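This report concerns only the one structure given below.
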Amino acid sequence: MSDTPKSVSGNSNRKAELLSTTVEHIDITSFDARPIIDAMGKMSFTSRDLARATRIYNQMLEDKDCTIFLVIAGSTSAGGCMDLYAELIRSNMVDCVVATGATIVDMDFFEGLGHKHYQALEIPDDDTLRSLYIDRIYDTYIDEEQLQDCDFTINRIANELEPKAYSSRAFIREMGKYLAQHGKKENSLVKLAYEHDVPIFCPAFVDSSAGFGLVKHQVDRMKEGKPYLMIDAVADFRELTDIKIKAGESGLLMVGGGVPKNFIQDTVVCAEILGHHDVAVHKYAVQITVADVRDGACSSSTLQEAASWGKVSTATEQMVFAEAGSVMPLLASDAYHREHWKSRTPRRWAKLFAD
């Protein structure tokens, strides 16, 4: 790995043709989904589930004592929901984020640096894409050369920090600080979270573009005989549990599942193990997923199943089995236009930690 992104020779015209149409992220403030959600509430199947999930999210926003955790897995950020998530931060509609490294680094931070995701208007042979250094997420393209810039920016940030252990939250805060100073996009979740003191946790942080930059940081420092920084996954769990302990009542708005879903749910059990037996289960929970419930995986496990583990209340929960990119804009727009967020007190949980 050189000190600068690798250039690729090849058919530049063909690459430009394939990367000609950018993904345009949806703006939930530009349309009012309340009439649609109200109508869906009088229907059946997934429509009614979505309407109930939206009502629950509005309940979270109305509850003065509720800390709201936004939990993201999957590729909805690349697919057009990036500005949606940013607006939830800007409008004080979530208080903490737990997400995959891909969501935070490869997608949001990546665009914060000025890069784009592109619509795949055709699906050519993936070997052709590889020869052009184009990465594919279903029908979305990423320029690998631009993604390498993301890798190297993470490396530069790491090289400038004190060589010690950092939780993913602490390192992502440094990424937000970098974007606040050098970023090229206003609607960045990472940047806005830094500015609004909303902590972001990535329990599998190095399983992303950040991993490449951090590995290079460590290897280079080892060759030089110098100390290097590390990502402390245990600190992630401890810090997130600290927030749950101090928060009291809490609600989960979950897109997808996987590690972020289990990580935030486990804070209730961890708090109990630490002797905080008065910490309540998550009072509200919504999950949007397409995962099949029959395989026993975490992504598809129902919220009622989570109640058996002592993590989530069954009183106010809703599963929505739908592709999140098609329903999250409706849920978020409805909640935005009902304006319960305007009377919420910002939690600013990032201030709980002295970095």
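Here the structure is a predicted model, which means the values were calculated and not measured. Every heavy atom of this structure was used, including side-chain atoms; hydrogens, water molecules and symmetry mates were not.
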*Mind checking whether Phe201 and Leu352 sit in one hydrophobic cluster, side chains of I, L, V, M, F, W, Y counted as touching below 4.5 Å?*
yes
*asked:* Less than 3.5 Å apart, any donor N or O on the side chain of Thr153 or Arg156 sitting next to an acceptor on the other?
replied: yes
*Is the backbone of Ser326 close enough, under 3.5 Å, to the side chain of Glu323 for a donor and an acceptor to pair up by distance?*
yes
*From OH (Tyr57) to CE (Met93), nearest 0.5 Å*: 4.0 Å
*Leu129 versus Leu18: any side-chain heavy-atom pair under 4.5 Å?*
yes
*Apply salt bridge (Lys or Arg N to Asp or Glu O under 4.0 Å) to the pair Glu249 and Arg347, showing each step before the final yes or no.*
CA-CA 13 Å; Glu249 289 190 358; Arg347 301 301 195 271; over 6 Å; no
*Report yes if the side chains of Ile89 and Val94 come closer than 4.5 Å at any heavy-atom pair, otherwise no.*
yes
*Nearest 0.5 Å please: distance from the CG atom of Leu240 over to the CZ atom of Phe263.*
6.0 Å
*Is any side-chain heavy atom of Ser250 closer than 4.5 Å to a side-chain heavy atom of Lys244?*
yes
*Treat each ILVMFWY residue as a node, draw an edge where side-chain heavy atoms are under 4.5 Å apart, and state whether Val290 and Leu331 are in one component.*
no
_Audit row: Thr100, Asp207, side chain to side chain contact (heavy atoms under 4.5 Å, CB included) steps and yes/no_ = CA-CA 8 Å; Thr100 59; Asp207 183 24; over 6 Å; no
*Do you know which two heavy atoms are closest between Ala350 and Pro199, and how far apart they sit?*
N-CD, 3.6 Å
*Check whether any side-chain heavy atom of His217 lies under 4.5 Å from a side-chain heavy atom of Arg221, and answer yes or no.*
yes
*Residue pair Thr289 / Met319, side-chain heavy-atom distance below 4.5 Å*: yes
*Looking only at side chains, do Asp108 and Ser188 share a donor and an acceptor under 3.5 Å apart?*
yes
*Using the side chain to side chain donor-acceptor pair (under 3.5 Å) rule, pick out the option among Arg90, His25, Glu87 that qualifies with Asn187.*
Arg90
*asked:* Let's go through Leu252 and Gln265 carefully: what are the C-alpha distance in whole Å and the side-chain angles of both, what is the deciding distance for side chain to side chain contact (heavy atoms under 4.5 Å, CB included) to 0.1 Å, and is it a yes or a no?
replied: CA-CA 9 Å; Leu252 308 179; Gln265 290 183 343; 4.0 Å; yes
*Scan Asp65, Asp63, Asp95 and name whichever one has a salt bridge (charged side-chain N to carboxylate O under 4.0 Å, His left out) with Arg344.*
Asp95
*For Tyr133, is the NZ or CZ atom of Arg130 found under 6.0 angstrom from the centre of its six-membered ring and inside 45 degrees of the ring axis?*
yes
*asked:* Between Gln148 and Phe212, does the side chain to side chain contact (heavy atoms under 4.5 Å, CB included) criterion hold? Intermediate values first, please.
replied: CA-CA 9 Å; Gln148 287 183 11; Phe212 301 111; over 6 Å; no
_Are the side chains of Lys223 and Val219 in contact, using a 4.5 Å heavy-atom criterion?_
yes
*For the pair Asp242 and Lys246, evaluate salt bridge (Lys or Arg N to Asp or Glu O under 4.0 Å) and give the outcome as yes or no after the intermediate values.*
CA-CA 6 Å; Asp242 283 344; Lys246 300 244 180 344; 5.4 Å; no
*What distance do Ile68 atom CD1 and His282 atom NE2 have between them, rounded to the nearest 0.5 Å?*
13.0 Å
*Would Val215 and Met230 show up in the same hydrophobic cluster when neighbours are defined by side-chain heavy atoms closer than 4.5 Å?*
no
*CG on Asn155 to CD on Glu160, rounded to 0.5 Å*: 10.0 Å
*Step by step, would you call Tyr178 with Leu113 a side chain to side chain contact (heavy atoms under 4.5 Å, CB included)?*
CA-CA 10 Å; Tyr178 181 91; Leu113 295 174; 3.8 Å; yes
*Treat each ILVMFWY residue as a node, draw an edge where side-chain heavy atoms are under 4.5 Å apart, and state whether Val206 and Phe109 are in one component.*
yes
*Is the shortest side-chain N to carboxylate O distance from Asp232 to Arg169 below 4.0 Å?*
no
*Ile137 to Ser75 - nearest heavy-atom pair and separation*: CG2-OG, 3.5 Å
*Where Asp106 and His117 come nearest, the two heavy atoms and their spacing*: O-NE2, 3.9 Å
*State, with a plain yes or no, whether a side-chain heavy atom of Arg34 is found less than 4.5 Å away from one of Ile37.*
no
*Is Lys226 positioned over the aromatic face of Tyr228, cation under 6.0 angstrom from the ring centre and no more than 45 degrees off axis?*
no
*Pro329 and side-chain contact (heavy atoms from CB on, under 4.5 Å): which partner among Thr76, Leu84, Asp27?*
Leu84
*asked:* Would you say that more than 12 heavy atoms from the other residues, nucleotides or ligands in this model lie under 6.0 Å from the CD of Glu24, or not?
replied: no
*Would you indicate whether Asp126, at its atom CG, is surrounded by more than 12 heavy atoms from other residues, nucleotides or ligands within a distance under 6.0 Å?*
yes
*What are the two closest heavy atoms between Ile245 and Ala271, and how far apart are they?*
CG1-CB, 3.7 Å
*asked:* Hydrophobic cluster membership, with links at side-chain heavy-atom distances under 4.5 Å among I/L/V/M/F/W/Y: are Phe171 and Tyr194 in one?
replied: no
_Minimum heavy-atom distance Tyr141-Gln119, with the two atoms named_ = CD1-O, 4.3 Å
*Gln218 side-chain N/O to Leu229 backbone N/O, donor-acceptor pair under 3.5 Å*: yes
*Where is the tightest heavy-atom contact between Ala335 and Leu61, given as atom of each residue plus distance?*
CB-CD1, 3.8 Å
*Is the backbone of Leu192 close enough, under 3.5 Å, to the side chain of His196 for a donor and an acceptor to pair up by distance?*
yes
_SG-CZ distance between Cys150 and Phe110, expressed to the nearest 0.5 angstrom_ = 7.5 Å
*Would you call Thr345 and Lys64 a side-chain contact if the rule is heavy atoms closer than 4.5 Å?*
no
*asked:* With rounding to the nearest 0.5 angstrom, report the OH to CG distance, Tyr118 to Asp143.
replied: 6.0 Å
*Scan Lys116, Met82, Lys191 and name whichever one has a side-chain contact (heavy atoms from CB on, under 4.5 Å) with Lys185.*
Met82
